[in-house]
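As the structure lists them, so they are numbered: ligands from 1, and atoms in each ligand from 1. The structure presented is a predicted model; accordingly, all values stated were derived computationally and were not measured.
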Amino acid sequence: MQTNFTPEQLTDPHVAESEAILRKCVHCGFCTATCPTYVTLGNELDSPRGRIYLIKDMLENGRPADAEVTTHIDRCLSCLACTTTCPSGVDYMHLIDHARAHIENTYKRPLMDRLIRNVLAAVLPYPGRFRLALQLARLGRPLKAAFRRVPALKPFAAMLDLAPRSIPAPSLFAKPGRHAAQAEQRGRVAILTGCAQPVLDPGINEATIRLLTRLGVEVVAPQGEVCCGSLVHHMGREEQALAAARANVDVWIREIETGGLDAIIITASGCGTTIKDYGHMLRLDPAYAEKAARVSALAKDITEYLASLDLPSHMPRGITVAYHSACSMQHGQKITMAPKLLLKTAGFTVRDPAEGHLCCGSAGTYNIMQPEISAELKARKVRNLEATKADVIATGNIGCITQIAMGTGIPILHTVELLDWAYGGDMPAKLKGLEPAAALM
Ligand code: SF4
Ligand code: SF4
């Protein structure tokens, strides 16, 4: 694509990067076919190619964002299906990141939109605040129908929908500490404890730590870790996202330099995509660029790391698992085979749902900010998952677990919970109703 930025505009490294990305796009439109918002809404401006034109026009003309551009960029899930499909290697992720930051810096959103975004940015990245908010949501539940009738308040109704009826007790595994290897030691890793995940489903990190330590891997949860920053990053709040990235880089570099680390384990693929991008996010910061690149190089999804441990094969045990590949896993990190191979090796029968490339509509805070599109995508995803007739659904991202669980009665777990069970852990509580004939013994 031809671009017309002035030399002066290109002195801004963010503009220069976006210009290089834009020039790679050849307008072919292959990406439209796999874009969930184009597939759902059928509007070119809600396709990757349409958004690329909008961003080009806005940046080239040095214009502040307006309501139209903001609407179409906000509707993007950042699922990155377009990057998987694009034959020209257009780096849509960094282009949309720039566009979101530009919107945040130049566009004044309507009051309610600003309020909701401020609440989300002030609550979700902090486990204590998030837990309190979930408790308060119980009191707000009777207001749900009223919120739903007022368009500007629909996100509050969506938040109440998403809030679980019961909140698990805080887990000891969510605290900073060290978990010694239970077998001959073969590795040492740090685990990102996370922000929303340990509140919504502490069993995921518990299963990860139990499994790794049984396999001879020491796991540390270093003091001082914070949210990875992806939630605010996707809202265009760059300074807040970079502050989170710097805090985590400091913590993990300290751990690398004191005890040594083979990997930084991430159990939510949305976080993994962001942490693997720390090196890029902090590339312009001379104090952090090199350290952030080291951290990104060590970041591993739990399934990536487990795949390197050569786990033993189990006989088939009669449980069929539909594997839902989170967008951040398959498109963001390009991890497609490892989780399924691990499940198969552990004795599960694995089925792929149709349209596996399409997002479930969770996408960070998307299911709160864009509840209608999100609901359509959820219904489509659930139809495809249920059509597999699987006993269980497995995935690697808490956002997808929460979203899909709202639409189906099939139990949905994190992949590592099934692997922990298969390799000596207890049966996950969510599977307690499974037919005994289908249970691993
Ligand atoms: S990131 Fe996803 S929703 Fe956004 S343009 Fe690409 S495919 Fe469409
Ligand atoms: S597939 Fe790639 S090159 Fe083609 S229109 Fe989409 S982003 Fe541009």
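Distances from atom 2 (Fe) of ligand 1 to the heavy atoms of Gly332, Ala81, Cys79 put Cys79 nearest.
Listed by number with element, the atoms of ligand 1 under 4.0 Å from a non-hydrogen atom of Arg51 are 3 (S), 4 (Fe), 5 (S), 8 (Fe). Atoms of ligand 1 lying under 4.0 Å from any heavy atom of Leu80, numbered from 1 in the order shown and given with element: 1 (S), 2 (Fe). Close approach to Leu77 involves these atoms of ligand 1, each under 4.0 Å from a residue heavy atom: 3 (S), 4 (Fe).
For atom 6 (Fe) of ligand 2, the closest non-hydrogen atom on the protein side is Cys31 SG, 2.3 Å.
Tyr288 carries Lys291 over the face of its six-membered ring, with the cationic atom under 6.0 Å from the centre and within 45° of the normal.
Using a 3.5 Å distance cut-off with no hydrogens or angles, the side chains of Arg237 and Asn118 do pair a donor with an acceptor. Thr6 and Glu60 form no side-chain donor-acceptor contact under 3.5 Å, judged by distance and modelled atom types alone. When only modelled atom types and interatomic distance are considered, Thr37 and Arg51 share a side-chain donor-acceptor pair under 3.5 Å. In the model, Asn397 has no side-chain atom that pairs as donor or acceptor with a side-chain atom of Thr395 under 3.5 Å. Of the N and O atoms on the side chains of Ser269 and Asp301, not one donor lies less than 3.5 Å from an acceptor on the other residue.
Under the 4.0 angstrom criterion for non-hydrogen atoms, Gly89 is not in contact with ligand 2. For the pair Val26 and ligand 2, a heavy-atom separation below 4.0 Å is found. Every heavy atom of Cys82 sits 4.0 Å or more from the atoms of ligand 2.
Under 4.0 angstrom from ligand 2, there are no non-hydrogen atoms of Met1. If you look at Cys359 next to ligand 1, there are no close heavy atoms at all, none under 4.0 Å. Here Tyr38 has no heavy atoms under 4.0 Å from ligand 1, in either its backbone or its side chain.
Residues Glu104 and Arg117 are not paired through a salt bridge, judged by the lack of any N-O separation under 4.0 Å between the basic side chain and the carboxylate.
Taking 2.8 Å as the criterion, Cys76 does not count as a coordinating residue of atom 2 (Fe) of ligand 1, since none of its N, O or S atoms falls below it.
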Please evaluate residues Arg148 and Asp161 with respect to the criterion salt bridge (charged side-chain N to carboxylate O under 4.0 Å, His left out), reporting the C-alpha separation (whole Å), side-chain torsions for both, the decisive distance (0.1 Å), and the verdict. CA-CA 11 Å; Arg148 223 185 292 280; Asp161 273 338; 3.0 Å; yes

